[in-house]
Amino acid sequence: MSNIKPSLVKGTRDFSPLEMVRRNYIFDTIKTVFRKYGYAEIQTPSMENLATLTGKYGDEGDKLIFKILNSGDYLSKVGPQLLAEARSSEILPAISEKALRYDLTVPFARYVVMHQNEISFPFKRFQVQPVWRADRPQKGRYREFYQCDADVVGSDTLLNEAEFVGIYQEALTNLGLKDFTIKINNRKILSGIAEIIGKSELIVDMTVAIDKLDKIGLDGVIGELLERGFTDADIDILKPVILLKGTTLEKLESLKQILKTSETGLRGIAEVEKVLEYVAALNGGRQAGNTELDITLARGLNYYTGCIFEVKTNEVAMGSIGGGGRYDDLTGMFGLKGLSGVGISFGADRIYDVLLELDLFPASSAVGTKVLISNFDEKAEQYALPLLSGLRDGGIAAELYPVAAKLKKQLGYADDKRIPYVILIGSDEMESGKLTLKNMQDGGQERLSAAEIISKLKIS
RNA sequence: GUGGUUUUAGCUCAGUCGGUUAGAGCGCCUGAUUGUGGUUCAGGAGGUCGUGGGUUCGAGCCCCAUAUUCCACCCCA
């Protein structure tokens, strides 16, 4: 057998025991909050039919879907002429029928449609699973990463949006983040803006351009707008909108003036106002300072129709750590009309990177084995087995050193694994029934019976 | 998809102008100490220099291709 050098697939990672403890801390914290708000967990398969996924994420997104090659002689269905032409886009449907899921929202929509008769609406579900994107990796961007999604379908009330703001607040605060911003915008406001400059058909180009304000500045945005088919006259109207200053409430007032001729735009403003009203009511009447209207926020996915969210941390340079919004007709694509949905997502991998950089993981999240029983010889091993069971029955994480190695090595092992206690069983101990319990932190030792050790470790 | 960057011991990294046997720190193993770790001391093992070609008397170093890392763009969590 040839010796293949082991390596990881680009953009993927192994997770060590310590990393898993930390990742689970993030997942558990988020899941706990989801449950508190009435969401129930589901899972869907890693693979979906390719047709289920294509066309849902725009052209850019479709390119990033990982396709799975058909099993068997996958070229047999490709005609010789197609093969000769070697046009990937036309051969693809013949050789690939399945794909890895690209996000959790579309599979969820598929789930809702398939299970509509068993579901009682409104349906509130959360889902924590990996997704795959054939993106080029960089900071905070992986090809396999976890999303933590919560969505509700079959409920139009804006209270849902407000509750999602609450979920973001609570989960991120519980994770120890102090300074983050929940940005809110509304697709209808963006539509209204496009409407008043008479370029409704260019709304996507408009949002993509103004979304970059932070990054490339006003001149950059204007350049991009011109490139994308906007005139100087359009930009004169757009400019004051893009540069809106002031508090969220002041921005809303100004927008009402600007968008007074756009019914859609005014409806968007009203929606944002209502959401903020609910948020304040849920927050004991106070407006949350870190929740703000950001008119330049335009999330890429095509299916959002109402409110959109994005969460950024201000403590670390990192892309958004969460996002979401309302999509009025997601299940319509699968033939179930008239169901409105709202959802949010936490980017667990990015949150991990942020917590690591800010050193926010609790020290206690590194708990493992509580006590190691040393192993001197076969006789001591036999003696140790009932004690091992007794410790475990008492809920104490215990392990027996698997071979009779030098004590130095066994203690070194305990040290490496940060096991706080070691029980030494030698001939003296077996004879007297008083075992030596060594505390690895201070090095102290005491002689105790097996029962005394169990009760001591239970409380400490 | 576009542009740049990285790759040398288990890990982090040196390696001069292309020139003999490729180095350091940490880690690992052994011993000092046959039942006492995290400290110390002594010794030891460990490398196809990412991979495949090429130039050269000679390549870790130069050229080409490719993979990979990280970064930016596009897009996104």
Side-chain angles (χ1 to χ4, degrees), chain A residues 2-13 16 26 30 57-65 88 102-105 128-149 168 204 207-209 211-212 215-216 220 224 297-302 308-313 317-325 343-354 372 374-377 380 401 404-430 435-445:
Chain A
S2 64
N3 219 348
I4 293 176
K5 197 171 186 177
S7 62
L8 284 171
V9 168
K10 186 202 284 232
T12 65
R13 298 149 298 158
S16 67
I26 293 174
I30 293 171
Y57 310 106
D59 290 343
E60 289 291 330
D62 283 356
K63 277 188 231 159
L64 300 180
I65 295 172
S88 308
Y102 177 88
D103 71 355
L104 300 179
T105 308
V128 176
Q129 288 192 276
V131 304
W132 293 268
R133 296 185 186 177
D135 219 340
R136 196 177 285 199
Q138 54 177 282
K139 184 175 173 106
R141 177 181 294 188
Y142 308 99
R143 296 184 116 180
E144 176 183 66
F145 62 97
Y146 276 70
Q147 287 190 328
C148 310
D149 274 30
Y168 273 137
V204 173
T207 53
V208 167
D211 186 38
K212 294 180 188 162
K215 228 176 217 167
I216 60 179
E224 183 140 351
L297 169 60
R299 297 183 43 75
L301 298 178
N302 303 351
I308 44 191
F309 304 106
E310 188 161 287
V311 186
K312 290 206 65 171
T313 169
M318 174 71 72
S320 64
I321 54 174
I344 55 164
S345 179
F346 287 84
D349 301 82
R350 285 188 177 175
I351 292 173
Y352 181 97
D353 292 344
V354 169
L372 175 78
S374 70
N375 189 338
F376 292 136
D377 51 37
Y401 198 83
K406 279 188 176 153
L407 186 57
K408 184 185 168 88
K409 198 165 178 186
Q410 302 191 32
L411 290 174
Y413 173 81
D415 206 37
D416 282 346
K417 278 187 77 174
R418 297 180 205 291
I419 298 172
Y421 292 97
V422 175
I423 297 170
L424 303 176
I425 303 176
S427 48
D428 289 359
E429 283 87 350
M430 283 188 278
L435 312 179
T436 300
L437 179 69
K438 182 178 176 70
N439 181 325
M440 292 298 283
Q441 262 108 66
D442 58 27
Q445 301 188 174

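We name chains A, B, ... by the order of the sequence lines, and we start the count at 1 in each one.
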Same-atom distance (P) from U7(B) to G15(B), integer angstrom = 10 Å
Using a heavy-atom cut-off of under 4.0 Å over every strand shown, decide if Glu144(A) touches base, sugar-phosphate, or nothing.
-> nothing
Of the candidate nucleotides G38(B), G35(B), C76(B), which contains the atom at the shortest distance from the side chain of Asp415(A)?
-> G38(B)
Atom CG in Asp349(A), atom CD1 in Ile26(A): separation rounded to 0.5 Å?
-> 8.0 Å
Could you give the distance separating C63(B) and U55(B) at their P atoms, to the nearest angstrom?
-> 15 Å
How close or far is atom P of A77(B) from atom CD1 of Ile30(A), stated in whole angstroms?
-> 15 Å
RNA chain B: 5'-proximal contact among Gly319(A) and Arg136(A) (nearest heavy atom) | Arg136(A)
Whole-Å P distance, G25(B) and A14(B) | 16 Å
Rounded to whole Å, CG of Asp353(A) lies from C1' of C71(B) at a distance of 15 Å
With heavy atoms under 4.0 Å as the rule, sort Thr105(A) into base, sugar-phosphate or nothing.
-> nothing
When only distance counts, do a donor and an acceptor, one from the side chain of Gln410(A) and one from the base of U36(B), lie under 3.5 Å apart?
-> no
Taking every heavy atom of Ser320(A) against every heavy atom of Glu310(A), the minimum-distance pair comes out as CB-CG, 3.4 Å
Determine the contact category for Ser345(A): base if any of its heavy atoms lies under 4.0 Å from a base atom, sugar-phosphate if only primed atoms, P, OP1 or OP2 are that close, otherwise nothing.
-> nothing
Validation row: Glu224(A), Ile216(A) side chains within 4.5 angstrom (heavy atoms) = yes
On a whole-Å scale, what distance lies between the C1' atoms belonging to G19(B) and G4(B)?
-> 33 Å
Reported CZ-to-CD distance for the pair Arg418(A) and Gln441(A), which is rounded to 0.5 angstrom | 10.0 Å
So what does Leu407(A) touch, heavy atoms closer than 4.0 Å: a base, only the sugar-phosphate, or nothing?
-> base
In whole Å, what separates the P atom of U68(B) from that of U2(B)?
-> 14 Å
Looking only at heavy atoms, what is the nearest atom pair of Tyr57(A) and Ile65(A), with distance?
-> CD1-CD1, 4.2 Å
Specify the separation, in whole Å, of atom NZ of Lys139(A) and atom C1' of C76(B).
-> 16 Å
Select base, sugar-phosphate, or nothing to describe what Val422(A) touches, counting heavy atoms under 4.0 Å on all strands.
-> nothing
Contact class for Gly61(A) (heavy atom, under 4.0 Å): base, sugar-phosphate, or nothing?
-> nothing
Is any N or O donor-acceptor pair between the side chain of Lys408(A) and the base of U36(B) shorter than 3.5 Å?
-> no
For the atom pair CG (Leu297(A)) and CG (Asp211(A)), what is the distance rounded to the nearest 0.5 Å?
-> 7.0 Å
How is Gln138(A) classified with respect to the nucleic acid when contacts are heavy atoms under 4.0 Å: base, sugar-phosphate, or nothing?
-> base
Separation of Ile308(A) atom CD1 from C76(B) atom P, in whole Å?
-> 11 Å
Interatomic distance at P, A22(B) relative to G31(B), whole Å = 30 Å
Less than 3.5 Å between a donor and an acceptor, one on the side chain of Gln441(A) and one on the base of G38(B), is that the case here?
-> no
side-chain contact (heavy atoms from CB on, under 4.5 Å) evaluation trace for Val9(A) with Glu144(A) | CA-CA 10 Å; Val9(A) 168; Glu144(A) 176 183 66; over 6 Å; no
Does the ring of Phe346(A) meet both stacking tests against the six-membered base ring of A77(B): centre distance under 5.5 Å and plane angle under 30°?
-> no
For U39(B) and C26(B), measure between their P atoms and round to the nearest Å.
-> 11 Å
Can you tell me how far C1' of U34(B) sits from CG of Leu411(A), to the nearest Å?
-> 15 Å
Are any protein N/O atoms closer than 3.5 Å to N/O atoms in nucleotides 66-69 of chain B? If there are, list each pair with its distance.
from: U69(B); atom 1: OP1; to: Gly11(A); atom 2: N; distance (Å): 3.4

Rounded to whole Å, CD1 of Ile351(A) lies from C1' of A77(B) at a distance of 9 Å
Please state how far atom CZ in Phe145(A) lies from atom C1' in C75(B), giving the value in whole angstrom units.
-> 12 Å
Is the Phe346(A)-Tyr146(A) ring centre distance short of 6.0 angstrom?
-> no
For G37(B), take OP1 and OP2 only and decide whether either is under 4.0 Å from a side-chain N or O of Lys406(A).
-> no
Hey, could you give me the CE/CZ distance between Met430(A) and Phe376(A), rounded to the nearest 0.5 Å?
-> 9.0 Å
Just wondering, more than 12 heavy atoms not from Lys406(A) lying within 6.0 Å of its NZ?
-> no
Which part of the nucleic acid, if any, lies within contact of Lys438(A), taking any heavy atom under 4.0 Å across all strands shown: a base, the sugar-phosphate backbone alone, or nothing?
-> base
Using Watson-Crick pairs (N1 to N3, plus N6-O4 or O6-N4) and G-U wobble pairs, both distances under 3.5 Å, which stems of at least 3 pairs involve RNA chain B?
-> B:1-4 with B:70-73, B:10-13 with B:23-26, B:28-32 with B:40-44, B:50-54 with B:62-66
Nearest heavy-atom contact between Ser374(A) and Leu407(A) is CB-CD1, 4.3 Å
Separation of atom OH in Tyr421(A) from atom C1' in G37(B), rounded to whole Å | 16 Å
Is the phosphate of U36(B), meaning OP1 or OP2, less than 4.0 Å from a side-chain N or O of Lys409(A)?
-> no
Could you tell me whether Lys212(A) contacts a base, only the sugar-phosphate backbone, or nothing, with contacts defined as non-hydrogen atoms closer than 4.0 Å?
-> sugar-phosphate
If the C1' atom of A9(B) is compared with that of G23(B), how far apart are they to the nearest Å?
-> 10 Å
In this structure, CG of Leu372(A) is separated from CE of Met440(A) (nearest 0.5 Å) by 8.5 Å
Look at all strands and tell whether Tyr142(A) reaches a base, only sugar-phosphate, or nothing, counting heavy atoms closer than 4.0 Å.
-> base
Would you kindly compare Val311(A) and Thr436(A) by the position of their nearest RNA chain B nucleotide and give the one closer to the 5′ end?
-> Thr436(A)
Spacing of Arg350(A) atom CZ and Lys139(A) atom NZ [to the nearest 0.5 Å] | 10.5 Å
